[in-house]
Amino acid sequence: MDLVIRDARVVDGGGGPSFRADVAVDGGRIAAIHPEGSPGRRPTARRTLEADGLALAPGFIDMHAHSDLALLRDPDHSAKAAQGVTLEVLGQDGLSYAPVDDRTLAEVRRTIAGWNGGGEDVDFDWRTVGEYLDRLDGNFGGEGIAVNAAYLVPQGTVRMYAVGWEDRPATGAELDRMRGLVAQGMREGAVGMSSGLTYTPGMYADDAELTELCRVVADHGGYYCPHHRSYGAGALEAYEEMVRLTRKAGCALHLAHATMNFGVNEGRAPELLDLLDRALDEGADISLDTYPYTPGCTTLVAMLPSWASEGGPEATLARLADPATAARIRHDLEVTGSDGCHGVPIDWDTIEISGVTSPALAGYVGRTVAGSARERAEEPWTTARRLLTEDRLGSTILQHVGHEENVRRIMRHRVHTGGSDGILRGDKPHPRAYGTFPHYLGRYARELGVLTLEECVAHLTSRPAARLRLADRGLVRAGYRADLVLFDPSTVAAGSTFEAPRTLPVGIPHVLIDGRFVIEDGRRTQVLAGRSVRSTAR
């Protein structure tokens, strides 16, 4: 054997009681599990790691990640590796970098620069989903990437490619083109399709268009992962729309960052869960992910009404430069409640600037828009408009609108999984990017008891593996891939905070991918064991 992990507390991902055992690894897979007190000889190997009662679990699966470029530019990627994450699902919120042509690539790079940077340090030598996945596999001189990655076909990018930035129904030819792009991406290994239905241009798609694309996804054994049309006013209606749409299409549904935010939804998580339970009991295939924090994170431009973004980034900047049009945007934001802000009038005291692309604007980071406006003796809209214009729409924000009891209720649900929604760029990113998984284990399992340790691990491992239809990941079982994490249940915790968001976690000394140590004795090794994880369903 290559390795024996001796005397571990095995939390196997299935949700059942943990048990002490020796776990043997050979050839990148779990070769044997020898529970304490079992007959027969204990396994031996060329190397023995004394776990001394550390918990041994399957590697954590981040069901909602924004590491699409980070994995290509950063061989270390400790933001995720140090958390015990061994697989991330990319291509989220309907916007990513494949499939594209030259025009679409330039537009999408500009559109999500706040999430991933502009990509000036990345060689965009791919255009298709398959080529992007090949690039992950061959990155850093053919060594690979820090952690494994799966990919969702981004519906907003597909619409950008086939239709452009116009707010109108797709023509028959355009819909056929979109069907073809989704089908090609699925054949090339994507595990499903995502949408960002409060982001342009994906939000311009009506239900009929989305249903047709979901049928293609279903035909290839994938799932639909929507950031749906509202998390604020109309949130329940937006969830119901996604359930209805996917059931009509015969497509599995995974609800992205399934929160109930804003004041209008305080205490309403049970209504969402009742809606999901009724559909599940009727045979619907539904799962969801959440992060264990209350504030959200996105871009400042995402708050604008959708009509203000029609035509793309340059058209948006032109509208902001025009006083009369800018006044309309302000009215929609502050009085009506724009669709970009989920139908709720914006409260500038809840909008904290977390990152800017222009160094000249760094003084805004860590302050709310309202706070910065007070310092300058101006209206908050004046501050926001300046940021949008001078940062060329690249500013990211934290939006402090969540409710703790909603967070706890949703994470207890039978189809819940974990997703960080971690944006890694910016001077003050959301701490969820570096802390989601140890925060679940330390805060919500150990300290609060919202979940038992065994339940929590199942939410972060076997449940997402089942959604991704991975037959050999997500459990500590003989024959499964040796993607494993060893952590101390009594000390594991997120180091990241809102004040110091890039602090690494504690209590996770060892992480293995494919049987190789990517974290050893609490330190990142040089190992690049990650590869693309492609759907085998066709």
Side-chain angles (χ1 to χ4, degrees), residues 62 65-75 77 87-113 115-164 174 176-196 201-202 213 216-217 219-223 225 424 468-470 513-514 528-538:
D62 189 342
H66 288 285
S67 303
D68 307 49
L69 299 186
L71 283 168
L72 296 175
R73 61 162 66 97
D74 179 15
H77 201 50
L87 170 60
E88 300 184 87
V89 184
L90 313 177
Q92 299 287 348
D93 295 326
L95 291 166
S96 190
Y97 305 94
V100 292
D101 56 10
D102 291 349
R103 172 190 61 81
T104 307
L105 176 60
E107 291 175 348
V108 77
R109 286 177 62 181
R110 175 77 175 278
T111 301
I112 54 175
W115 295 355
N116 301 311
E120 293 81 6
D121 53 347
V122 174
D123 179 9
F124 289 89
D125 57 354
W126 69 86
R127 293 295 180 270
T128 68
V129 170
E131 289 169 352
Y132 173 71
L133 297 177
D134 288 343
R135 173 63 186 281
L136 294 175
D137 290 338
N139 206 49
F140 299 116
E143 291 189 62
I145 48 179
V147 305
N148 296 311
Y151 190 75
L152 297 165
V153 179
Q155 171 260 330
T157 301
V158 166
R159 196 172 214 273
M160 196 185 304
Y161 191 141
V163 182
E174 289 166 343
D176 285 344
R177 180 62 170 144
M178 286 189 281
R179 286 195 196 98
L181 290 167
V182 173
Q184 179 182 349
M186 296 297 297
R187 289 194 301 269
E188 291 172 349
V191 295
M193 181 180 75
S194 74
S195 282
L213 298 183
V216 175
V217 173
D219 287 344
H220 291 83
Y223 68 92
C225 179
L424 301 171
L468 296 169
R469 299 188 178 184
L470 303 177
I513 296 178
D514 206 31
L528 292 170
R531 298 292 185 273
S532 67
V533 174
R534 310 188 192 207
S535 171
T536 57
R538 295 293 181 271

What's the separation between atom [atom1] in [X] and atom [atom2] in [Y], rounded to the nearest 0.5 Å?
{"X": "Leu424", "Y": "His66", "atom1": "CG", "atom2": "NE2", "value": "9.5 Å"}
{"X": "Thr128", "Y": "Gln184", "atom1": "OG1", "atom2": "CD", "value": "6.0 Å"}
{"X": "Ser532", "Y": "Leu71", "atom1": "OG", "atom2": "CG", "value": "11.0 Å"}
{"X": "Met186", "Y": "Met193", "atom1": "CE", "atom2": "CE", "value": "9.5 Å"}
{"X": "Leu90", "Y": "Leu136", "atom1": "CG", "atom2": "CG", "value": "7.0 Å"}
{"X": "Trp115", "Y": "Ser67", "atom1": "CH2", "atom2": "OG", "value": "12.5 Å"}

Do [X] and [Y] have side chains that approach each other closer than 4.5 Å (heavy atoms only, starting at C-beta)?
{"X": "Asp125", "Y": "Arg135", "answer": "yes"}
{"X": "Val147", "Y": "His77", "answer": "yes"}
{"X": "Val158", "Y": "Pro99", "answer": "yes"}
{"X": "Phe124", "Y": "Leu69", "answer": "yes"}
{"X": "Val533", "Y": "Leu468", "answer": "no"}
{"X": "Tyr223", "Y": "Val217", "answer": "no"}
{"X": "Leu87", "Y": "Leu470", "answer": "yes"}

With sequence neighbours left out, write down each residue that passes salt bridge (charged side-chain N to carboxylate O under 4.0 Å, His left out) with [X], or none if nothing qualifies.
{"X": "Asp121", "result": "Arg73"}
{"X": "Asp101", "result": "none"}
{"X": "Asp74", "result": "none"}

Test of understanding: with side chain to side chain contact (heavy atoms under 4.5 Å, CB included), list the residues that count as partners of [X], not counting sequence neighbours.
{"X": "Glu107", "result": "Arg103, Met160, Trp165"}
{"X": "Arg179", "result": "Leu175, Asp176, Glu212, Leu213, Val216"}
{"X": "Ala529", "result": "Ile513, Arg516, Val518, Val527"}

Pair Arg187 + Asp219, salt bridge at N-O below 4.0 Å: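 Not counted as a salt bridge, because no side-chain N and carboxylate O are separated by less than 4.0 Å.
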Which atoms form the tightest heavy-atom contact between [X] and [Y], and what is the distance?
{"X": "Asp137", "Y": "Arg534", "value": "OD2-NH2, 2.9 Å"}
{"X": "Ala65", "Y": "Glu88", "value": "CB-OE1, 3.3 Å"}
{"X": "Pro154", "Y": "Ser194", "value": "CA-OG, 3.7 Å"}
{"X": "Gln155", "Y": "Gly196", "value": "OE1-N, 4.4 Å"}

Tell me every residue that passes ring-ring contact (aromatic ring centres under 6.0 Å, His included) with Tyr132, counting only those two or more places apart in sequence or in another chain.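 Residues passing ring-ring contact (aromatic ring centres under 6.0 Å, His included) with Tyr132: Trp126, Tyr151.
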Can you sort out the partners of Tyr161 under ring-ring contact (aromatic ring centres under 6.0 Å, His included), two or more places apart, ordered by chain and number? none
Enumerate the residue pairs fulfilling salt bridge (Lys or Arg N to Asp or Glu O under 4.0 Å) with a member in residues 144-158, sequence neighbours excluded, ordered by first and then second residue.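 Matches after skipping sequence neighbours: none remain.
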Contact list for residues 146-157, test salt bridge (Lys or Arg N to Asp or Glu O under 4.0 Å), sequence neighbours left out: none
Could you pull out all residues at least two apart from Thr157 that satisfy side chain to side chain donor-acceptor pair (under 3.5 Å)? none
Asp102: what forms a side chain to side chain donor-acceptor pair (under 3.5 Å) with it, not counting sequence neighbours?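 With sequence neighbours excluded, Asp102 shows a side chain to side chain donor-acceptor pair (under 3.5 Å) to Arg127, given in chain and number order.
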